[in-house]
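Here's the structure we're looking at; comments come further down.
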2 protein chains.
Amino acid sequence: MREDEFLKRVVPFFKQDKARVVVDPGDDCAVLKYTSGKYMLFAADQVVSGIHYEYDMKNLALVGAKLLKRNISDIAAMGGNPLFAVVTVSASSSYERLEKIFKGLAKEAKKWNVSVCGGDFSGAPRKNTEAFSLSIIGEVDKKNVCLRANARPGDLLYATGAFGNSYFSGHHLKFVPRLDEGIFLANGFTKAMMDVSDGLLLDLQRFCDASNVSLKLDTGKVPWRKGTKDLKSALTDGEDHELIFAVKPSSERKLLKSWPFPKVKLEMLGVFEKRNGKYIISDLKSGTNLLKEYQPGYEHRIG
Amino acid sequence: MREDEFLKRVVPFFKQDKARVVVDPGDDCAVLKYTSGKYMLFAADQVVSGIHYEYDMKNLALVGAKLLKRNISDIAAMGGNPLFAVVTVSASSSYERLEKIFKGLAKEAKKWNVSVCGGDFSGAPRKNTEAFSLSIIGEVDKKNVCLRANARPGDLLYATGAFGNSYFSGHHLKFVPRLDEGIFLANGFTKAMMDVSDGLLLDLQRFCDASNVSLKLDTGKVPWRKGTKDLKSALTDGEDHELIFAVKPSSERKLLKSWPFPKVKLEMLGVFEKRNGKYIISDLKSGTNLLKEYQPGYEHRIG
């Protein structure tokens, strides 16, 4: 079973308190009632040996850093700012290993001003395995919160950075979450944003499904990360941790003029349009149904 | 290395934002700035196959329920009320297994009015392993927050329920977290409370260390759970998930008179006193140094 199918079955088990939960499970973060001007954001992500990194890798500090950065990327996608985290680990590892990983996490937390304020340690049932889980609390001005469900027909699809080859290039460990970029974008330029973690095409499909729109994707414009060998890799490799977002055509000029991050490329990748029965994502030029042409991305499999 | 020693080394890596973090790591929950009248509580706990339950156990719904209840017990210990949770799982299990576990979690969440509003699924590197992690957000009236550090010499030590034999009796799966009891106690009867999860003696040691006090423990008064075979078991078996708390002698009578939970026994187990160099916990009658006499409890071992 694919991860999305799993979630479609499991999420309905859980009843949300509608008086407190503003946005249900399914976005990059849950959006919760908080103060009069702000929402609370709440999310969790994992880093597991043999899945998200090789147990025998050298620079273990990167494992701890990745754990936090994955979560910060989720906060960034909502236009928010991270505040607090708690971390759990189930491991059968030496203290020396865990110390390196936690030092990496602590250094990264300091950089982003996140207080890692609690957690839990447990053993693990098998030798040489580690499962880290981190949960993050953030906040966002109510007027700035960005949702997957807010893309509208006619909006332009924009993306930061480049896609593909994250694993072999080491990007999956060394990426810088687009936190400042997300906060900038949420402050007037977009209401619809998400983090690309499971491959551009799959996350675009989720974006379109949440907003009930279709998308014409200009595949020729998708920027390739160094070492990306073909379009398929750019569209379907995981762990890019870039932002994709919807921009009104009337805001485009101002966005491009005022973009204050010269090292982070912005690219217009397509146009959202009314949902239609023929395709969710088509190639802007050839009209090809892209979700038929490609296995859309990386999903954990259940069972 | 023992878990407490591990934490003593690792916790200082993490810098807390003093303007927002009211109580540092080390209590049952982190205590965070929130609204003018309330603190936010934030905690995380795990349930791991082969550690916290047997992979081949029958009633898998209990695994999901336990995951939430462990966390609710942490909120209860602060005098708080749980609100939101996110859950992660790293597993190589069938959908059918996970469905049962998540249904158990969902049912328990509904019972306690907790919105499980997000999470993450990942594969696992080994067959037949599961690691669940749940993080919980709660809130507590500022005037009611209970801390491990608040026991004072002369306070009486009280406990709910009974101790020992949690694992073989199934209590570790079937316990009811003392949430209503914690809220009642925090509303005027105690400022110092904690959850007993790693054995009474070890958690009492942590209580004394956090409050910088010593304790005379009336070992003859410690209630034994059904099937508990000796005092050692009552003092050192884990997963009781009872509350221990400090009561001013002047409040004792009112507490016993107004206690509204007839099915939950309250027992006075000892007296806190000034910290002294001879012992942290001694037997009230014999004067024996109890931390020398017993291996104080269950701790996960690192390395």
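Throughout, protein chains are lettered first and strands after them, A, B, ... in sequence-line order, and every chain is numbered starting at 1.
Contact count versus chain B (heavy atoms, under 4.5 Å) is highest, among A/G119, A/G118, A/S133, A/G50, for A/S133. Interface summary for chain B: among A/C117, A/G123, A/S49, the most heavy-atom pairs under 4.5 angstrom belong to A/C117. Between chain B and the options A/D24, A/N128, A/D45, A/V23, the largest number of non-hydrogen pairs under 4.5 Å is found for A/D45. Contact tally against chain A (heavy-atom pairs below 4.5 Å) for B/D17, B/L105, B/V116: the top residue is B/V116. Annotation: maximal heavy-atom pairing with chain A below 4.5 Å, among B/T129, B/N113, B/L7, B/T35, occurs at B/T129. The candidate with the highest count of non-hydrogen atom pairs below 4.5 Å against chain A, out of B/A124, B/C29, B/G26, is B/A124. Ranked by non-hydrogen atom pairs under 4.5 Å with chain B, the options A/K110, A/R97, A/M40 are led by A/M40. Put simply, of A/Q46, A/E96, A/R9, A/Q16, the one with the most heavy-atom pairs under 4.5 Å next to chain B is A/Q46. Interface remark: of the candidates A/D27, A/V87, A/V89, A/V89 forms the most heavy-atom pairs closer than 4.5 Å to chain B.
How far CZ of A/R70 is from CG of B/D120: 6.0 Å, rounded to the nearest 0.5 Å. To the nearest 0.5 Å, atoms NZ (B/K107) and CZ (A/F14) are separated by 13.5 Å. Rounding to the nearest 0.5 Å places CG of A/L32 at 9.0 Å from CG of B/L83. Considering CZ of B/R126 and NZ of A/K127, their distance stands at 11.0 Å, rounded to 0.5 Å. A distance of 8.5 Å separates CD1 of A/I136 from CZ of B/F42, quoted to the nearest 0.5 Å. How far OG of A/S90 is from NE2 of B/H52: 8.0 Å, rounded to the nearest 0.5 Å.
With a threshold of 4.5 angstrom between heavy atoms, B/V11 does not approach chain A through any atom at all. For chain A, the nearby part of B/V114 is the backbone; its heavy atoms alone come within less than 4.5 Å. Looking at B/E3, only its side chain comes within 4.5 Å of chain A, counting heavy atoms on both sides. Residue B/V48 touches chain A through its side chain alone, counting heavy-atom pairs closer than 4.5 Å. Within the 4.5 angstrom heavy-atom criterion, no atom of B/A91 approaches chain A. With a 4.5 angstrom heavy-atom cutoff, B/E139 touches chain A only via side-chain atoms. Interface remark: B/D74 contributes no atoms to any contact with chain A (heavy atom separation under 4.5 Å).
Using the six-membered ring where Trp is involved, B/F121 and A/F6 have ring planes that are tilted, between 30° and 60° apart.
The two residues A/S135 and B/V86 make their nearest non-hydrogen contact at OG-CG2, 3.5 Å.
Side chains of A/E5 and B/Y95 form no contact here, defined as non-hydrogen atoms less than 4.5 Å apart.
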Please walk me through it: do A/V10 and B/L98 pass side-chain contact (heavy atoms from CB on, under 4.5 Å)? CA-CA 9 Å; A/V10 168; B/L98 294 175; over 6 Å; no
